[in-house]
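Presented below is the structure to which this report refers.
Since the model is a prediction, treat every value here as computed from it, not as a measurement. Residue numbers begin at 1 in each chain, while the letters A, B, ... track the order of the sequences.
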Protein chains: 2
Amino acid sequence: MSEMAEKNSNTEQNILEAAKVVFVAKGMDGARMQEIADKAGINKALLHYYFRSKDKLFEAVFVEILSKLIPDISELLLSELPLFEKIRKFTQHYIDTIRENPLIPVFILHELNREPEGIARTFKSMGIQPQIFIDEIKREIGKGTIVPIDPLHLIVNLLSMCIFPIVAQPIMQHLIFEENGEAYSAFLEQRKKEVPEFIINSIRKK
Amino acid sequence: MSEMAEKNSNTEQNILEAAKVVFVAKGMDGARMQEIADKAGINKALLHYYFRSKDKLFEAVFVEILSKLIPDISELLLSELPLFEKIRKFTQHYIDTIRENPLIPVFILHELNREPEGIARTFKSMGIQPQIFIDEIKREIGKGTIVPIDPLHLIVNLLSMCIFPIVAQPIMQHLIFEENGEAYSAFLEQRKKEVPEFIINSIRKK
DNA sequence: GTCTATATCGGGATAGAC
DNA sequence: GTCTATCCCGATATAGAC
C-alpha cells in the first residue's frame, strides 16, 4: 500500500504543480487540460481520475495558492520588530516573494473579476488579521514617533508600492527601460531600499 | 449612401462598445461572441461580417482601449503647473479616471501575460514620453525644492498608489472593510487627498 | 446589412481495456 | 492507477436566403 500511496500522491502533486503553472499563466478560461497533462507527464484522462473536472482542479489550485500566500503576509505583520524596522523587513521580503511568482497577483485579480461569488467564498474562508498592525501604528502616532496618518492608507500605500511595480512589469519595463529586462530587474532590487525610505521619510516626526 | 453608412457605423460602434464590456470583464478567452452579439442587440453572424474573427474584434477593442488611455496620461504629465500642484492634480484626476473603468488595468495586464508578443506589438506602437516629467523632477532636485530621489521611483510610487488600490478592490475591500463597498468607495475618495500629501511629505525639503 | 441554418472543430468528459 | 478511444457539447465561423 505504501508504494501505491507514494505513487498516487506523487502524481497528484505533479498534476497540481503543472496545473498551477498553466492556470496562473493562462487563466482558468485559457488553460487547456491537455497542456496540464503534458506538463505533468501524464494523460488527460488521469486528470479526471484525480480531480473530477476542470473546475475542481482549478479550485484546488486556487486554494493552494491562497493558503500559501496568506500566512506569508500575516507572519510578517505580527513580528516583534520596531515599526520602521518592520517596514524595511516587510518591503524586502515581500518584493522578493512576489518576484518569485510575479503572475500570481494578476491571476488572482483576474479570476476574482471573472467569477466574483464563487471565488470570493474560497477567499473569505481564510482570515487575515491586519488589526494588530493597525493598532501598532496607532500606538506610534500616540507616542509621537510618526505623524498622524490613517493606518489603512499607510498599509495600502506600502502594499501598492511593493506589488504594483512587479505585476505591471510588462508595461513599466517598456515605458521606462525600452524592454531591457535586466535594467528593470535592477530597478526592482533598488526598490527594496527606496520604498521603505520613501515611506519612513513621509511619516517620521521631525 | 449616407443612410447606409450611418447605420453601418452605428452598428459597428455598438459592437465595439459591447465587445469592450464583455472582453474587459471576461478576458479574451472567457468572452463569448454570443454574449457580445446579445449585448449589441444583433446576431452572431453580423459580428463576423464587421470584424472577420474573434481575434480581429479583440484586437480592435484592445487598440481602442489603449489609444484612449495613453493620451490621458501624457496630457497630465505635460501641463504647466508647479510640481506639487501637478502631483495633486494628477492623483485626483487619475484616481477618478481609473475608478470609471476599474477593470481595465487588470484586463491589460492579464492579456499581456497571456500573449506577450502579439499584444506587446500593439502596445509599442503608441508612445508615451515620461522624459519631460523626469527632467522636471531633476530640476526641482537641483533647485533644492525636494530631496534627492530617483525620479523613476517617484513616478512608479505615484502610479502604484493610484492604480493598485482600485484594481485590488475585490481583495482590499474584504480585507479591511468586510465587503462594505460604500466604505471602500469613501476610502478611495480620501486617497485623492491622502496620496499627494503622503508623497509631498516624503520629498519636500525641510 | 441582417438574419437563419449549418459546417467544423476543439476541448472537457467518460467508457473500458490493461 | 494509467492508458486509448470515443462521445458530445459549445463556440467560432461560413453559406446562403432575404
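- Considering only side-chain atoms of A45(A), the nucleotide from dT2(C), dA15(C), dT12(D) that sits closest is dA15(C).
- We find that E189(A) and R99(A) are joined by a salt bridge, their nearest charged nitrogen and carboxylate oxygen being less than 4.0 Å apart.
- Side-chain atoms of H48(B) lie closest to dA13(D) of the nucleotides dT4(C), dA13(D), dT14(C).
- If you measure from atom CG of L47(A) to atom P of dG1(D), you get 15 Å, rounded to the nearest angstrom.
- Put simply, the side chain of K20(B) never gets that close to the backbone of I65(B): no donor and acceptor are under 3.5 Å apart.
- Taking side-chain N and O atoms only, T11(A) has a distance below 4.0 Å to OP1 or OP2 of dT2(D).
- Between Y50(A) atom OH and dC3(D) atom C1' the separation is 13 Å, expressed in whole Å.
- Contact between the side-chain N/O atoms of Y49(B) and the OP1/OP2 oxygens of dC3(C) is not found at any separation under 4.0 Å.
- Residue K86(A) places its NZ atom among more than 12 non-hydrogen atoms of other residues, nucleotides or ligands, all under 6.0 Å distant.
- Taking atom CZ of residue F58(A) and atom C1' of nucleotide dG11(C), one finds them 18 Å apart after rounding to whole Å.
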- Task: Begin from the C-alpha positions of R88(A) and E197(A) and carry the test salt bridge (Lys or Arg N to Asp or Glu O under 4.0 Å) through to its verdict.
- Result: CA-CA 8 Å; R88(A) 290 196 186 93; E197(A) 294 320 311; 3.0 Å; yes

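- Checking dA13(D), dT2(C), dG12(C) against the side-chain heavy atoms of K54(A) singles out dG12(C) as nearest.
- In this structure, K44(A) places its NZ atom 10 Å from C1' of dT6(D), rounding to the nearest Å.
- Residues F23(A) and F107(A) keep their aromatic ring centres 6.0 Å or farther apart.
- For the salt bridge (Lys or Arg N to Asp or Glu O under 4.0 Å) test, residues two or more places apart in sequence or in another chain that qualify with D29(B) are R114(B).
- For N43(B), the listed nucleotide lying nearest its side chain is dT4(C); candidates were dG1(D), dT4(C), dG1(C).
- In this structure, E111(A) contributes its side chain and M28(A) its backbone to a donor-acceptor pair below 3.5 Å.
- Rounded to an integer number of Å, the gap from CZ of R52(B) to C1' of dT14(D) is 10 Å.
- In this structure, L57(A) atom CG and dG11(C) atom C1' are separated by 15 Å, rounded to whole Å.
- Per the geometry, CG belonging to L46(B) stands 15 Å off P belonging to dA13(D), to the nearest Å.
- In this structure, N14(B) atom CG and dG1(C) atom P are separated by 14 Å, rounded to whole Å.
- Scanning residues 19-35 of chain A for heavy-atom distances under 4.0 Å to DNA chain D yields an empty list.
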